[in-house]
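See structure below.
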Amino acid sequence: EDQVTQSPEALRLQEGESSSLNCSYTVSGLRGLFWYRQDPGKGPEFLFTLYSAGEEKEKERLKATLTKKESFLHITAPKPEDSATYLCAVGGSNYKLTFGKGTLLTVNP
Amino acid sequence: GAVVSQHPSWVICKSGTSVKIECRSLDFQATTMFWYRQFPKQSLMLMATSNEGSKATYEQGVEKDKFLINHASLTLSTLTVTSAHPEDSSFYICSARDPGASGTAGDEQFFGPGTRLTVL
């Protein structure tokens, strides 16, 4: 059974204070490691997909990295508008996604 | 990215009634759509895979007679919660992938804005 564990559950940062979110996973046959952003009361918004250990992708203040057992979402100099829940998911057979519980990020001005 | 819509965005109903939720892919044809449920402060849980022109595939523990899924066209899937009860109150979200996207982009799932169901 595919499993995804995200840590920490919640993270408070001051504006400009860089940090990282962790996503540990076990999956039989990884078909992508996905990062999504979810704002309250809305559906997840796609951020990145990673496939191979060592792969990195960047978008504005976010950078996602992947190893064989975990992925990190690095946030550099965050702004209050980066506040959201960040979800990690692994892709398995038949394009099914297994999600972690997410990390609630709050960036204070 | 591709756009997926849901309707309604929220619905309140009485216990015992049925509620239908629509999921549409607006700018691509989706042969496969997915239905998730999310409880407060919990993860998205996959309920079922909706396949155009064939029966849906339900995840273990999801009652297929209670959550009816119809994928009648390449751009529309519907989820009907039959005989709803308060414990069915949740946030229901659909997603779709674009099979016409090239390479690994075809693995990406795009999510609708969600439907908040409250059963009184």
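Note that these values count all heavy atoms, side chains included, but never hydrogens, waters or copies made by symmetry.
At least one side-chain heavy atom of B:Met33 sits under 4.5 Å from a side-chain heavy atom of B:Cys23. Under the 4.5 Å side-chain criterion, counting only non-hydrogen atoms from C-beta, A:Phe48 is in contact with A:Leu62. Residues B:Cys94 and B:Val4 form a side-chain contact, since some pair of their non-hydrogen atoms from C-beta on lies under 4.5 Å apart. The side-chain heavy atoms of A:Val4 and A:Phe99, taken from C-beta on, include no pair separated by under 4.5 Å. Side-chain contact between B:Asp65 and B:Thr82: absent, with no pair of heavy atoms (C-beta onward) separated by less than 4.5 Å. The shortest distance between side-chain heavy atoms of B:Leu117 and B:Val19 falls below 4.5 Å.
If you measure heavy-atom distances from A:Leu104 to chain B, you find no contacts under 4.5 Å at all. For a residue to count as touching a neighbouring chain, one of its non-hydrogen atoms must lie under 4.5 Å from one of that chain's; by this rule B:Leu46 touches chain A with the side chain only.
Shown here are the side chain to side chain contact (heavy atoms under 4.5 Å, CB included) partners of B:Pro86, two or more places apart in sequence or in another chain: B:Ser15, B:Val119.
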Between chain B and chain A, identify all donor-acceptor pairs below 3.5 angstrom, including backbone and side-chain atoms.
| from | atom 1 | to | atom 2 | distance (Å) |
| --- | --- | --- | --- | --- |
| B:Gln38 | OE1 | A:Gln38 | NE2 | 3.0 |
| B:Gln38 | NE2 | A:Gln38 | OE1 | 3.1 |
| B:Ser43 | OG | A:Phe99 | O | 3.3 |
| B:Ser43 | OG | A:Gly100 | O | 2.6 |
| B:Glu59 | OE2 | A:Lys96 | NZ | 2.7 |
| B:Arg97 | NH2 | A:Tyr95 | OH | 3.4 |
| B:Thr104 | O | A:Tyr51 | OH | 3.3 |
| B:Asp107 | OD1 | A:Arg31 | NE | 3.1 |
| B:Asp107 | OD1 | A:Arg31 | NH2 | 3.4 |
| B:Asp107 | OD2 | A:Tyr51 | OH | 2.6 |
| B:Gln109 | O | A:Tyr36 | OH | 2.7 |
| B:Gln109 | NE2 | A:Tyr95 | O | 2.6 |
| B:Pro113 | O | A:Gly43 | N | 3.3 |

